[in-house]
Amino acid sequence: MKVLISACLLGINSRYDGKNKFDKDLLSFLIKNKIDFFPFCAEQLGGLTTPREPSETENGYSAQDVIEGRGRVLTKSGKDVTKNYIDGANVILKFCKSIDITHAILAEKSPSCGYTKVYDGTFTGTLIEGNGILTQILKNNGIVIVKDIQDLSRKSLTY
Ligand code: SF4
């Protein structure tokens with residue numbers, strides 16, 4: 001099993017605020033179970049700096065809308081960073097396909113990596129149902145999104 005991981009979950013300071021979301025239990029699980037894992041940050045690969053202004057998918061639009069050209073990803077001050085988000089996600093998708101990565105475990109609520117819950121585009125901390133841009137692109141291409149360690153444990157044991 002080969003698993004893509006959001007870089008910030010492994011302690012890499014790739015978040016918009018220059019920090020990380022290190023998940024010690026996740027790293028221990030990956031090492032203990034000898035799972036091949038590959039850390040990536042879609043926003044950095046799309047050409048954005050760290051730190052950077054926070055971004056959200058435009059209010060009223062989904063990640064799929066953005067992928068299909070109907071919505072945008074905007075920074076808090078209104079700069080359109082849609083191309084950065086799409087480009088970064090596509091670099092990661094290409095890599096996943098090139099070495100047969102089948103699963104991904106991604107940081108929650110991020111406009112790139114969020115899974116099932118993301119911010120609503122108002123920059124008020126309001127969560128809505130939806131995915132980040134990277135997550136949606138991976139899902140659209142058959143990569144299984146893993147929710148948490150328990151989910152990863154189930155999937156790695158049955159893989
Ligand atoms: Fe972490 Fe993903 Fe945001 Fe990069 S894009 S900082 S990997 S949540």
Side-chain angles (χ1 to χ4, degrees), residues 2-31 35-59 61-67 71-77 79-99 101-141 143-149 151-152:
K2 292 177 182 170
V3 183
L4 176 81
I5 312 273
S6 294
C8 56
L9 292 178
L10 296 181
I12 295 167
N13 292 331
S14 54
R15 278 169 50 99
Y16 74 94
D17 57 5
K19 297 180 181 167
N20 62 69
K21 287 185 74 176
F22 182 51
D23 185 335
K24 192 174 163 213
D25 293 339
L26 172 62
L27 181 59
S28 300
F29 180 89
L30 293 167
I31 291 169
I35 292 172
D36 284 339
F37 59 93
F38 302 85
F40 278 95
C41 174
E43 292 171 27
Q44 289 185 330
L45 284 171
L48 296 172
T49 58
T50 304
R52 55 189 169 273
E53 205 183 350
S55 303
E56 296 184 3
T57 293
E58 198 173 9
N59 184 252
Y61 294 90
S62 67
Q64 190 62 36
D65 289 331
V66 174
I67 293 163
R72 299 174 296 172
V73 181
L74 301 173
T75 68
K76 195 171 183 182
S77 67
K79 186 178 172 207
D80 186 345
V81 286
T82 308
K83 188 174 184 310
N84 301 94
Y85 275 69
I86 299 274
D87 285 354
N90 280 328
V91 168
I92 292 176
L93 175 63
K94 195 171 170 190
F95 180 78
C96 288
K97 285 184 170 175
S98 74
I99 64 159
I101 288 176
T102 53
H103 293 70
I105 186 158
L106 303 171
E108 58 185 11
K109 300 184 275 189
S110 152
S112 286
C113 296
Y115 178 52
T116 70
K117 292 251 181 282
V118 288
Y119 292 111
D120 72 348
T122 61
F123 296 92
T124 57
T126 308
L127 288 168
I128 54 169
E129 283 184 24
N131 295 320
I133 306 301
L134 170 66
T135 308
Q136 192 64 51
I137 285 179
L138 294 178
K139 270 174 66 76
N140 291 352
N141 284 275
I143 291 179
V144 177
I145 311 300
V146 178
K147 281 189 298 203
D148 49 34
I149 294 178
D151 194 21
L152 182 60

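Both ligands and their constituent atoms are indexed starting at 1 by order of listing.
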What side-chain donor-acceptor pairs closer than 3.5 Å can you find for residues 87-97, not counting sequence neighbours?
{"unit_1": "Asp87", "atom_1": "OD2", "unit_2": "Lys83", "atom_2": "NZ", "d": "2.6"}
{"unit_1": "Asn90", "atom_1": "ND2", "unit_2": "Ile86", "atom_2": "O", "d": "3.4"}
{"unit_1": "Lys97", "atom_1": "NZ", "unit_2": "Asn141", "atom_2": "OD1", "d": "3.4"}

* Structure fact -> Less than 4.0 Å from some atom of ligand 1, heavy atoms are found in residues Ser6, Ala7, Cys8, Ser14, Arg15, Phe40, Cys41, Glu43, Arg52, Ala107, Ser110, Ser112, Cys113
Expected output: side-chain [X] to main-chain [Y] donor-acceptor under 3.5 Å:
X	Y	value
Ser110	Ser112	yes
Lys76	Phe123	no
Asp65	Ser62	yes

* **Partner residues of Glu58 under the salt bridge (Lys or Arg N to Asp or Glu O under 4.0 Å) criterion, sequence neighbours left out** => Arg72
* Kindly write out the residues that satisfy salt bridge (Lys or Arg N to Asp or Glu O under 4.0 Å) with Asp25, not counting sequence neighbours, or none if the list is empty. => none
